[in-house]
2 protein chains.
Amino acid sequence: MAALPSGILGDLDPTSDRAVFRQIADQIREAIDRGRFKEGAKLPSESELVEHFGVSRMTVRNALAILQSEGLASSEHGKGVFVRPRPPVRRLASDRFARRHREQGKSAFTVEAEAAGSKPEVDSLEVREEKPAPDISARLGSPRKVLARRRRYLLDGRPVEAAVSYLPLDLARGTQIAEPNPGPGGIYARLEELGHRLDHFDEEVRARMPSPSEVKMLRLSSGVPVISLIRTAYDTDGRAVEVCDTVMAADAYVLAYQLPAN
Amino acid sequence: MAALPSGILGDLDPTSDRAVFRQIADQIREAIDRGRFKEGAKLPSESELVEHFGVSRMTVRNALAILQSEGLASSEHGKGVFVRPRPPVRRLASDRFARRHREQGKSAFTVEAEAAGSKPEVDSLEVREEKPAPDISARLGSPRKVLARRRRYLLDGRPVEAAVSYLPLDLARGTQIAEPNPGPGGIYARLEELGHRLDHFDEEVRARMPSPSEVKMLRLSSGVPVISLIRTAYDTDGRAVEVCDTVMAADAYVLAYQLPAN
DNA sequence: CAGTGGTCTAGACCACGAA
DNA sequence: TCGTGGTCTAGACCACTGC
């Protein structure tokens, strides 16, 4: 049947204007915040909450839906609803593309992940020529066609980031940049070998809720936004030589930047 | 009664494994993406959708809830469900704290907003001394107490950002920094006058769903994440002289940074 | 007032996971 | 097998908006 959900949760206030399902969500949220339910712990089942609060199941489900949309809980079919654990966070430093990090063989992602004790993987590799979308095209100086390099990054088996790099075709065609494996130091090292010494990168950071395809690709649970990062690389001639469009699971990243004061 | 919702929406696929409410959400989402429903337009009412698809009202409401959680639609009690308009976006440039922008009288927020043709406001101003939270304290070199300056920023009456600045008390007490109005150029100008020439800023950027209090303070509609930005200001002695904790409505901002390639 | 979305009930059947 | 969450129905009453 459904044992008592323990003494952690109180009673409803029938005099309150606040909707019943919001009151229930408030109580569970407060219990989570106070540590009465720890990370990864199972919340009381729907039937337990129905019995405890004396409401219908839909009311309880509405309450749990609030917590899921806030990113506080996530449900697992057949098992229960759990306090969502905070996954390890990957920190992107503002010097992550500095030339000195590129001298070695491995990619920045691989080096950094291994240093943090995680197992890095890259999959869904696809390299193709295509007509660029208008905003990408504008950033690259309106080339007719571009080389697109798509890939997905995983840490310990969990997808955390999906990225597409676009390069003007006249620059990349026939070079190792057009190969699935661009070689040591990645495409930035290849660009410099081709005479395009990199000067600086512009990054634009946005946050939004994911599209259904992004939910699938990054296996996002509900209540997790994505960070959208668009980076443009410029060579010392001031030419945009690459645009990288990245979507990251927001609960897996913190971006660090340093700004000059002068 | 409920007129036809026009020929924009198709039929359900009864052979599909996909849940009915997801199919309905898919159809409406696709119609929005194709521009069949424009920004700000009213979607078919719940009763129209009930009639069109031949399902119960809860099924239709579940479908609409998906679109709202994705940030694609928002409901207005008594009026309808509407395609959520994309508000104007405020762009934060990476040189926004450069000293040259500080020479004039007005604050950076005010200057920039007026240049963009918006009406800027700052409210909820509160200045007080308090014991810092552990993470703030650590960033500032563990002072016993700090000066906290809280405020909220609005554009054309819409709240877009809430911020708290923390400064070590020994540095700020008794100065104009402890006044509600810190004077021309803001607290950074005052800090430099006090001999703390600023060297650089560190910024940490995260994204997550808002807490209920943040929803209230920023009047966020569902499906809108927040960007959390923590900035630490360092003087030329390497001392952290200010930490600013900012929460921004993610649909109102794009952050721009420039990274060196050296 | 009629139409809209907001809340809530009391059922039903299904799919998944663990034992 | 049984307990879990996932989906769906067919109602009900309420609160807000606009005419």
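Just so it is clear, the model here is predicted, and its values are computed rather than measured.
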Quiz item: When only distance counts, do a donor and an acceptor, one from the side chain of A:Arg61 and one from the base of D:dT7, lie under 3.5 Å apart?
Solution: no
Of the listed C:dT9, D:dT9, D:dG5, the closest approach to the A:Val81 side chain comes from D:dG5
Notebook entry, point to check: How are the rings of A:Tyr257 and B:Tyr257 set relative to one another: parallel (under 30°), tilted (30 to 60°) or perpendicular (over 60°)?
Noted result: parallel
Original post:
A:Asp202 and B:Arg91: salt bridge (charged side-chain N to carboxylate O under 4.0 Å, His left out), yes or no, with the steps?
Top reply: CA-CA 13 Å; A:Asp202 278 351; B:Arg91 184 188 178 87; over 6 Å; no
| message | Please tell me whether B:Arg231 and B:Ser165 have a donor and an acceptor in their side chains that are separated by less than 3.5 angstrom. | response | no
Review point. Is the distance from OP1 or OP2 of D:dT4 to the nearest side-chain N or O of A:Ser45 less than 4.0 Å?
Key: yes
Distance check: side-chain N/O of B:Arg22 vs OP1/OP2 of D:dT7, anything under 4.0 Å? yes
Original post:
Could B:Asp26 and B:Arg18 be called an ion pair, given the rule that one side-chain N must be under 4.0 Å from one carboxylate O?
Top reply: yes
*Would you say a side-chain N or O of B:Ser47 is under 4.0 Å from OP1 or OP2 of C:dT4?*
yes
A:Glu46 atom CD is separated from D:dG3 atom C1', nearest whole Å, by 11 Å
From the list B:Glu161, B:Arg152, B:Arg208, side-chain contact (heavy atoms from CB on, under 4.5 Å) with B:Val247 holds only for B:Arg208
To the nearest angstrom, the CD-C1' distance between A:Glu76 and C:dG17 comes to 10 Å
Heavy-atom nearest nucleotide on DNA chain D taken for A:Met58 and for A:Gly78; more 5' hit belongs to A:Gly78
B:Phe53 CZ to D:dA10 P, in whole Å, measures 17 Å
Separation of C:dC8 atom C1' from A:Leu49 atom CG, nearest Å, is 16 Å
note: B:Asp17, atom CG; C:dC14, atom P; distance rounded to Å ~ 14 Å
DNA chain C nearest-nucleotide lookup for B:Leu43 and A:Phe21: closer to the 5′ end is B:Leu43
Taken to the nearest whole Å, CZ/A:Arg57 to P/D:dA10 is 18 Å
query = Under 4.0 Å: is that the gap between some side-chain N or O of B:Thr59 and OP1 or OP2 of D:dT9?
reply = yes
To the nearest angstrom, the CD1-P distance between B:Ile66 and D:dG6 comes to 12 Å
According to the 5.5 Å centroid and 30° plane-angle thresholds, does B:His77 stack upon the nucleobase of C:dG6? no
note: A:Asn62, atom CG; D:dC8, atom P; distance rounded to Å ~ 15 Å
